[in-house]
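Right, one structure below, let's go through it.
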Amino acid sequence: MSERMGRQKIAGILGSGTSGQKVEVKGWVRTRRDSKGGFSFLELNDGSCLQNIQVVAPAALSNYESDVLHIHQGASVAVMGTVTPSQGKKQGVEIQADSIRILGASDAQAYPIGKQKMSFEYLREVAHLRGRTNTFGAIARVRNVLSSAVHEFFQTRGFLWIHTPIITSNDAEGAGKTFQVTTLDLEKPPRNEAGVDFSQDFFGNRANLTVSGQLEAESYALSLGDVYTFGPTFRAENSHTSRHLAEFWMVEPEMAFADLEDDIELAEAFLKFLFKTVLERCPEDMEFFRQRIDATVVDTLTAIAASDFKRLTYTEAIAILEKESGRFQFPVHWGVDLQSEHERFLTEEVFKVPVVLTDYPKGIKAFYMKVNDDGETVRAMDVLLPKIGEIIGGSQREEREEVLKTRMAESSVPPEGLDWYLDLRRFGSVPHAGFGLGFERLVQFVTGMANIRDVIPFPRTPGNLRY
Ligand code: 4AD
Ligand code: MG
């Protein structure tokens with residue numbers, strides 16, 4: 001018989017197990033207690049839900065002395081038994097074991113996951129085992145539901161999922177914070193008059209990890225209408241904040257025949273759908289986050305799912321912020337990029353709902369955004385949330401070839417390599433718009449976790465690459 005056959009998940013048994021039912025469960029032991037009455041209790045978790053199931057191991061088991069009394073925290077076991085009503089108040093049912101088999105023993109002294117409360121900083125050092133804690137199990141399940149909800153949202157609206165490349169020759173945001181990809185020998189790279197001779201590199205040219213799938217998504221939007229990407233993106237920013245990763249996942253929808261208004265509407269509907277879905281499908285994990293991580297998190301998501309987002313222009317926002325300049329660390333005036341403290345002030349203190357800021361100065365935004373008639377601002381939009389600040393950045397795209405070329409020159413974006421992008425404006429250009437949602441910032445917001453490093457299984461940040 002295969003290992004999987006017959007196995008039931010703990011979530012199913014706790015949810016709908018009936019008394020007298022014969023079951024087989026497999027999982028990892030959280031604790032073992034031995035009673036004076038001559039039997040033991042195992043708290044077992046298999047990742048299918050937050051709750052453990054209690055297994056009662058009678059001393060009559062043939063391997064009680066030899067095995068059961070040597071089962072320690074972290075060990076994996078297979079249990080066959082009968083579902084019975086639980087004596088304890090916490091859960092409805094438990095399992096009376098007929099047999100317990102140790103699959104993998106665990107040395108409790110050496111096991112890095114202790115019973116005592118461990119800091120999230122410590123758990124990052126043992127990220128390979130932190131999934132066995134309540135918090136990281138709950139995060140993984142919520143992250144999974146959110147991923148699936150991303151696809152559900154776009155698929156039910158007729159958007160095509162496009163797989164854009166990881167290795168590219170462009171820097172979509174024009175910010176120069178890319179990780180280079182090369183197979184050249186860094187000790188002695190081939191040289192020419194200009195320096196390193198990248199024509200001898202793997203792709204015959206400079207290559208980097210993508211910072212965004214947007215430019216490629218635009219090409220498919222201008223062929224197929226509505227598309228989206230959902231994949232990893234990479235930024236070599238030396239950021240040590242609680243909201244930045246060097247490798248993060250981004251969701252980027254792109255719509256043809258659409259303007260900034262359509263873009264904002266899509267973003268608002270998208271966030272509300274994600275919040276509603278996670279509240280509906282993860283009640284137990286969300287209750288855990290409310291109790292243990294952030295007491296406001298469920299109320300905040302519920303309120304946002306039912307609220308209208310506030311829309312205002314960057315210029316209007318600056319007027320509000322300038323009146324309060326005394327409270328900020330970073331000075332604020334027209335033309336500066338907003339800091340997280342400014343974004344949070346607007347959404348947390350002034351409007352108390354998510355804020356959509358539009359029409360930023362062109363000097364602080366990427367080259368591809370559509371220039372407004374004032375010649376100074378672009379059709380950009382950022383969605384700001386409490387605690388997180390910017391969660392979504394998007395824009396209507398510049399569809400006019402000449403204006404786009406000028407913006408590339410102004411933004412020092414080399415046109416070499418982007419002639420294909422200009423082609424999209426030469427052959428059947430149409431108004432189009434899209435945005436990017438930082439997936440980890442979403443998971444962070446939904447779970448209330450303070451640090452973005454804790455909502456992705458193996459975080460990549462400057463100086464850290466243990467895994
Ligand atoms: O605002 P950004 O840079 O926009 C783009 O990349 C556009 N190409 C998107 C588009 O229009 N298709 O990034 C989008 C979002 C941000 O709002 C933020 O949530 C997240 O990506 N983000 C990060 N998340 C974690 N770590 C980082 N270093 C991030 N940088 C951006
Ligand atoms: Mg941005």
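As the structure lists them, so they are numbered: ligands from 1, and atoms in each ligand from 1.
Listed by chain and number, E390 OE2 are the protein N/O/S atoms closer than 2.8 Å to the Mg ion (ligand 2), with waters left out.
Aromatic rings of F159 and F153 (six-membered ring for Trp) have centroids beyond the 6.0 Å cut-off, not under it. Taking the six-membered ring wherever Trp is involved, the centroid distance between the rings of F328 and H342 falls below 6.0 Å. Aromatic ring centres of H151 and F230: separated by under 6.0 Å. When ring centroids are compared, F458 and H128 stay outside the 6.0 Å threshold. Taking the six-membered ring for Trp, F445 and F275 have ring centres closer than 6.0 Å.
Protein residues having a heavy atom under 4.0 Å from any atom of ligand 1 are E173, S212, Q214, R235, E237, R243, H244, L245, F248, M250, E252, Y368, E390, I391, I392, G393, G394, R397, G434, F435, G436, G438, R441, I452, listed by chain and number.
Salt-bridge formation is not detected for the pair K9/D46: no Lys NZ or Arg NE/NH1/NH2 atom is positioned less than 4.0 Å from an Asp or Glu carboxylate oxygen.
Just one of L271, L346, L385, L384 meets the side-chain contact (heavy atoms from CB on, under 4.5 Å) condition when paired with P354; it is L385. Looking at K365, R311, K370, R379 one by one, the single match for salt bridge (Lys or Arg N to Asp or Glu O under 4.0 Å) with D359 turns out to be R379.
Counting only distance, with no hydrogens or angles, the side chain of R143 and the backbone of V455 share a donor-acceptor pair below 3.5 Å.
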